[in-house]
Number of protein chains: 2
Amino acid sequence: MTSDFEAQLRAASLRVTRARLAVLAALRDRPHVDTDTVIALVRADHPTVSHQAVYDVLRALTNAGLVRRIQPAGATARYESRVGDNHHHVVCRSCGAIADVDCAVGQAPCLTASDDHGFVVDEAEVVYWGTCPGCATERTSQ
Amino acid sequence: MTSDFEAQLRAASLRVTRARLAVLAALRDRPHVDTDTVIALVRADHPTVSHQAVYDVLRALTNAGLVRRIQPAGATARYESRVGDNHHHVVCRSCGAIADVDCAVGQAPCLTASDDHGFVVDEAEVVYWGTCPGCATERTSQ
DNA sequence: CCACTCTTTTGGAATGAATCAAGTTTTACT
DNA sequence: AGTAAAACTTGATTCATTCCAAAAGAGTGG
């Protein structure tokens, strides 16, 4: 388990540190956690880790492709460890809840822009905006 | 010109104010402007408009659907007046430049999620991440 | 196993976009 | 014109994120 993370880090030629292992562990089974939550989870096991370390680690892991950063408009940054499978997200406009969605149209649906203006595109990110079941019933029942 | 904006505002049952007309004018021919730029543009004509007013106006116009807010991860909010035609954006990872892209796969390609988790989806936002021509040549020439 | 170098982390302060709050002005309708 | 509601002004505040310099830790070669 821990050695898994260690292997991941080494594969990405990142040094293996307590902070990094703790962040990976915190993200393991939790989708879409925001930075504050990561800090709290990390400190549950390692109370001395600074918030700055968590920010640095999240950036390093994001750059290395081990975690993915998602930041819907108007919300704080969230991170997830599910990477490399081209999945997307539904975001609730009223409560900010996020859920995973697999790609509707094949494997890389929107990866081809009609006119890319000369940009070299390497990723297509899709955010579905709507209302989650909870907020929907709340609103209709009023 | 101004009366156009006035009509737009009235159609959305929003009051017609100097600040709102100025913001609409500022967004007219400028795609993807950030809030600071909007403030500067508005003040060019109306020096007394407060930044708070601009924030309020942008939110009101966004809620009314007259402008669209876009906020790629890690950048400040930007606004555009091109609405209602389901177009998307390419964003440069290194300089943050944004360009419009029309929808590749038909009219509303990704609007149907494979499994929407009970969410009522009303919009699909697509962000293409990549490198703009300028940054690409810069990098290869080094 | 030890020393050396480079990277990472600590702890605290700073930045900056965005929001909140109270009081004043303006708009739209009668 | 007169009035109520909405919008705006001013100024302060919040809060996520970043910057900084010093201390600690990781990995490499001896």
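Labels below follow one simple rule: chain letters A, B, ... track the order of the sequence lines, proteins then strands, and each chain is numbered from 1. Keep in mind the model is a prediction, meaning the values are calculated, not measured.
Atom pair A:Leu21:CG and C:dT8:P shows a separation of 14 Å (rounding to whole Å applied). A straight line from CZ of A:Arg20 to P of C:dT10 spans 12 Å, rounded to a whole angstrom. Between the CG atom of A:Asp56 and the P atom of D:dA24 there is a distance of 18 Å, given to the nearest Å. In this structure, A:Leu58 places its CG atom 14 Å from C1' of D:dT18, rounding to the nearest Å. Atom P of nucleotide C:dT7 and atom CG of A:Asn63 are separated by 15 Å, given to the nearest angstrom. The separation between A:Ile39 atom CD1 and D:dT17 atom C1' is 10 Å, rounded to whole Å.
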field: Contact pattern, 5' to 3', of nucleotides 24-30 of chain C - B, S or - by protein heavy atom under 4.0 Å
entry: ---BS--
query: Quick one: what's the B/S/- string for nucleotides 17-23 of chain C, heavy-atom cutoff under 4.0 Å, read 5' to 3'?
result: SBBB---
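Partner B:Val23 forms a side chain to side chain contact (heavy atoms under 4.5 Å, CB included) with one of B:Leu66, B:Val57, B:Val49, B:Leu41 and no other, that one being B:Val57. The only member of B:Val38, B:Val67, B:Ile39, B:Ile98 that meets side chain to side chain contact (heavy atoms under 4.5 Å, CB included) when paired with B:Val33 is B:Val38.
Residues A:His87 and A:Glu80 bring a donor and an acceptor atom of their side chains to less than 3.5 Å of each other. B:Asp100 and B:His88 form no side-chain donor-acceptor contact under 3.5 Å, judged by distance and modelled atom types alone.
Not a single side chain to side chain donor-acceptor pair (under 3.5 Å) links A:Arg78 to another residue, sequence neighbours left out. Listed by chain and residue number, B:Asp34 satisfy the side chain to side chain donor-acceptor pair (under 3.5 Å) test with B:Thr37 (two or more places apart in sequence, or in another chain).
A salt bridge is defined here as a Lys NZ or Arg NE, NH1 or NH2 lying under 4.0 Å from an Asp or Glu carboxylate O, and B:Glu6 with B:Arg15 fails to meet this definition.
Panel note: side chain A:Arg28, backbone A:Leu24; no donor-acceptor pair is recorded below 3.5 Å.
Annotation for A:Arg69: atom CZ counts as buried by contact number, over 12 foreign heavy atoms lying within 6.0 Å. Under a cut-off of 6.0 angstrom, the local environment of CZ in B:Arg18 is sparse, with at most 12 non-hydrogen atoms contributed by other residues, nucleotides or ligands.
Axis deviation across the helix from C:dC1-D:dG30 to C:dT30-D:dA1 amounts to 40°, comparing end segments of five pairs, rounded to 10 degrees.
Applying the side chain to side chain donor-acceptor pair (under 3.5 Å) rule to pairs touching residues 46-60 of chain B yields B:Gln52-B:Asp56, sequence neighbours excluded.
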